[in-house]
K.L.:
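Structure incoming, see below.
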There are 2 protein chains.
Amino acid sequence: MMTVSDFEQRRNDILEAVIEVYVTTASPVGSELISRKLRENLSPATIRNIMAELEEAGFLEQPHTSAGRVPTDRGYRYYITSLMEAMRLSAEESGRLGEAIQVLQQLEAEAYFHRVSDMLSKLSGQAAFVIAPTVKHTTVRQIELVPVGTHRLLCVLVGQEALVASHMVEVHEPLNRDEVGAVAHFLNAELVGLPTQEWLSSLERRLLAVNDSLYYLVKRSLYILQVVLATEPEERFFIEGLFNLFAAPEARRDPHKVQQLFDYLDAPDLLRELIRQDLAREGTRVRIGQELGLSGVEDWSYVLSPFRHHQAVVGGIGVLGPKRMDYRRTRALTEHMAQLVSLTMARWEAGAEA
Amino acid sequence: MMTVSDFEQRRNDILEAVIEVYVTTASPVGSELISRKLRENLSPATIRNIMAELEEAGFLEQPHTSAGRVPTDRGYRYYITSLMEAMRLSAEESGRLGEAIQVLQQLEAEAYFHRVSDMLSKLSGQAAFVIAPTVKHTTVRQIELVPVGTHRLLCVLVGQEALVASHMVEVHEPLNRDEVGAVAHFLNAELVGLPTQEWLSSLERRLLAVNDSLYYLVKRSLYILQVVLATEPEERFFIEGLFNLFAAPEARRDPHKVQQLFDYLDAPDLLRELIRQDLAREGTRVRIGQELGLSGVEDWSYVLSPFRHHQAVVGGIGVLGPKRMDYRRTRALTEHMAQLVSLTMARWEAGAEA
DNA sequence: CATTAGCACTCATGGTATATGAGTGCTAAC
DNA sequence: GTTAGCACTCATATACCATGAGTGCTAATG
């Protein structure tokens, strides 16, 4: 006699087994394989009955009558939210990752995030991305102006953590060395410690006090900052290991699918916007196939973990790959990396030594 | 009666026609197609005779007996060096490119080169790369040190043109603000205008004069520069549009070939080293298939044009794609872009306004 | 004597028919 | 409730053949 929960339990075990096998073989899974894989000594016939139920319930489907079963998006969803238990990385692996990050965090932010996404891409064997904050989200420590030729200035903003932005500004009227020095001094005195969002309004307010003796300085400063802030993006998007996406068997069968994904990645307001929104929610987020809400990329998924600084979410790191991916390992990796990045943020603030 | 040169001429015309057709169709070219394409009213039979000669001579080959002909590496080589006449971009197109560059050259160097290779990649429909100089190859205009936390310094080097390098340096003993200022002042006074290659030896020489009152400064400066110069690469390698390489029919047939190419691109000392060497020679250089000298990438080619500053070659820009590529257009594009980049170098130096 | 029409020949490609077998659902026995 | 047995389905593989694009050779042509 079986209890209801035994019943449930077995359905779950079988769904889990199907998914895990499918993820590695990439071809529909039959009842016999599962029968052998599960140690419960159930005959293929029994498995078939349960698989039929799972299909009824919308967790599995058959490509055609005489084929094995393949998980549906709903199947993956249920697996991920209810079945899949967290995976811990081996002490050995997590040690290696920690050391690698240790080395990387000596770089400045851009190089760091670049290498971090490269690292996650290699670990997961998929494409990996990072959404990172820019100086716009911090208060700036220092502003440097370096004249380059007669009509150009390099403006370097050094923010909190290891964030740096450098932008060229073309000025219509040439500046001599003293003027540049004066502008730089003014900018630092006036703006350091102030959130970048308030910079322009603060300077504009000063500009209204027309008889300010610094009118000229303010005006030039304002122009420079307008250019710099317009050029600097809201956040940086790094993505590495894109060509891993061609390696999946499903991509080989139809390379056009990869192309479509690439098209979405190029546009900043579709996939990236979705990722940005998912960041707002707490915790790791998995988007599977249709859940991306974009037509043409139903065969892809991503796993995304936010990283934090002072509790607040400041960015995210994730893996992008075929829907048929090893979510267990991918989530473990992504979360672990996100945690390491969070640690880096703290370390950067402390300015500590290794 | 035909003269010998008529004879030669016709062979050349046919080789050229075969290559041009093959490049667009990607399938072996038969005699009838050529007969119709050439306006000389030669029958397919005659064409066949000449094609047989061309095969004899090693310029063409047949995949199998009953197929048309395909150019060999030698065929391409002869076509490129002796047959192919230079192509001029249309005034309209070259105008567009000029305007686009105009906009880009307002960026600082890294962003500029990045966008330039992106541009060439889109124009050519292939992958495009840039080898760009770094601050190591210029004299530095200014050196900035910004303390970040207690144990870290951001060191920004602003070189000639729009070259910028910023690197984090971890210092074991904390520096207070005054010390940082002193070091920065010392560095600027001592090193600006001096080629970076001489920096370390110059400082080391000073260090030997032990009773120098600035001993402490020199020592700290030396350490900082050692880290910065070790971190800064000799040159930057940008490559964009890699996924275009999957689009070629030959790549679809065997995606493994693309993988092999990627492997070579990852290693800095094989393909990139070859490109670096090719830069040393004057003028545009084309490497076809086996000429790359690397096994596994016989189906790929690149076209590379150096760009100059004050006559000297300071970098290069190129296109990487399947051996079966439109060399005529690719070379025209690459050379044109190289010229535009050379102009940018001059413009940057002048520091001029748009 | 270069050119070309004619023709037999080759061989990759594509289509059709058939065989195979993995996997299924159902039924009846355990 | 489980499962052995079995008929059934259908994608895939294999064999076979027809097609036709393209060839090289030969002999006729101007």
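Every chain is numbered from 1 and lettered A, B, ... according to where its sequence line falls, protein lines coming before strand lines. For clarity, every value in this text was computed on a predicted model and none was experimentally measured.
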K.L.:
Is A:Arg69 close enough to C:dG25 that one of its side-chain N or O atoms is under 4.0 Å from OP1 or OP2 there?
P.N.:
yes

K.L.:
Does the plane of the ring in A:Tyr302 sit parallel, tilted or perpendicular to the ring in A:Phe129? Use 30° and 60° as the thresholds.
P.N.:
perpendicular

K.L.:
Using only heavy-atom distances, determine whether the side chains of B:Tyr327 and B:Ser301 contain a donor-acceptor pair under 3.5 Å.
P.N.:
yes

K.L.:
C:dA12 P sits how many Å from B:Arg253 CZ, rounded?
P.N.:
14 Å

K.L.:
Return the value, rounded to whole Å, for the distance between atom CD1 of A:Ile14 and atom P of D:dT2.
P.N.:
10 Å

K.L.:
The side chain of A:Ala45 lies closest to which of these nucleotides: C:dA22, C:dG25, D:dT3?
P.N.:
D:dT3

K.L.:
Give the rounded distance in Å between these two atoms: CD1 of A:Ile47 and C1' of D:dT2.
P.N.:
11 Å

K.L.:
Between B:Gln9 and B:Asp13, is a side-chain hydrogen bond (donor to acceptor under 3.5 Å, both in side chains) present by the stated rule, with each step listed?
P.N.:
CA-CA 6 Å; B:Gln9 181 61 42; B:Asp13 288 350; 2.9 Å; yes

K.L.:
Using heavy-atom distances to pick each residue's nearest nucleotide on DNA chain C, tell me which of B:Pro44 and A:Gly30 is more 5'.
P.N.:
B:Pro44

K.L.:
Side chain of B:Ser66 only, heavy atoms from C-beta on: which candidate in C:dT24, D:dT23, C:dC11 is closest?
P.N.:
C:dC11

K.L.:
At less than 3.5 Å, do the side-chain atoms of A:Ser43 and the base atoms of D:dT3 form a donor-acceptor pair?
P.N.:
no

K.L.:
Can you tell me how far P of C:dC26 sits from CE of A:Met51, to the nearest Å?
P.N.:
15 Å

K.L.:
Rounded to whole angstrom units, what separation is found between the CD1 atom of A:Ile50 and the C1' atom of D:dT3?
P.N.:
12 Å

K.L.:
Parallel under 30°, tilted from 30 to 60°, perpendicular over 60°: which one fits the rings of B:Phe246 and B:Phe262?
P.N.:
perpendicular

K.L.:
Does A:Thr46 put a side-chain nitrogen or oxygen below 4.0 Å from OP1 or OP2 of D:dT3?
P.N.:
yes

K.L.:
Let's see if you can work this out: which of C:dC11, D:dG24, D:dC10 has an atom nearest to the side-chain heavy atoms of A:His64?
P.N.:
D:dC10

K.L.:
At 4.0 Å (heavy atoms only), tell me whether A:Gln62 reaches a base, stays on the sugar-phosphate, or touches nothing.
P.N.:
sugar-phosphate

K.L.:
Please report, rounded to the nearest Å, how far the P atom of C:dT4 is from the CG atom of B:Leu42.
P.N.:
6 Å

K.L.:
At less than 4.0 Å, is any side-chain N or O atom of A:Arg10 found next to OP1 or OP2 of D:dG1? Yes or no.
P.N.:
no

K.L.:
Once you round it to whole Å, what is the distance between P of D:dT2 and CD of A:Glu53?
P.N.:
10 Å

K.L.:
B:Arg48 side chain N/O closer than 4.0 Å to the phosphate oxygens (OP1, OP2) of C:dT4?
P.N.:
no

K.L.:
Does A:Thr65 make a side-chain N or O approach to OP1 or OP2 of C:dG23 shorter than 4.0 Å?
P.N.:
no

K.L.:
Would you mind reading off the distance between B:Asn49 atom CG and C:dC1 atom C1', rounded to a whole angstrom?
P.N.:
13 Å

K.L.:
Go through A:Arg329 and A:Glu93 one step at a time and tell me if the salt bridge (charged side-chain N to carboxylate O under 4.0 Å, His left out) criterion holds.
P.N.:
CA-CA 12 Å; A:Arg329 179 170 158 79; A:Glu93 183 161 39; 3.3 Å; yes

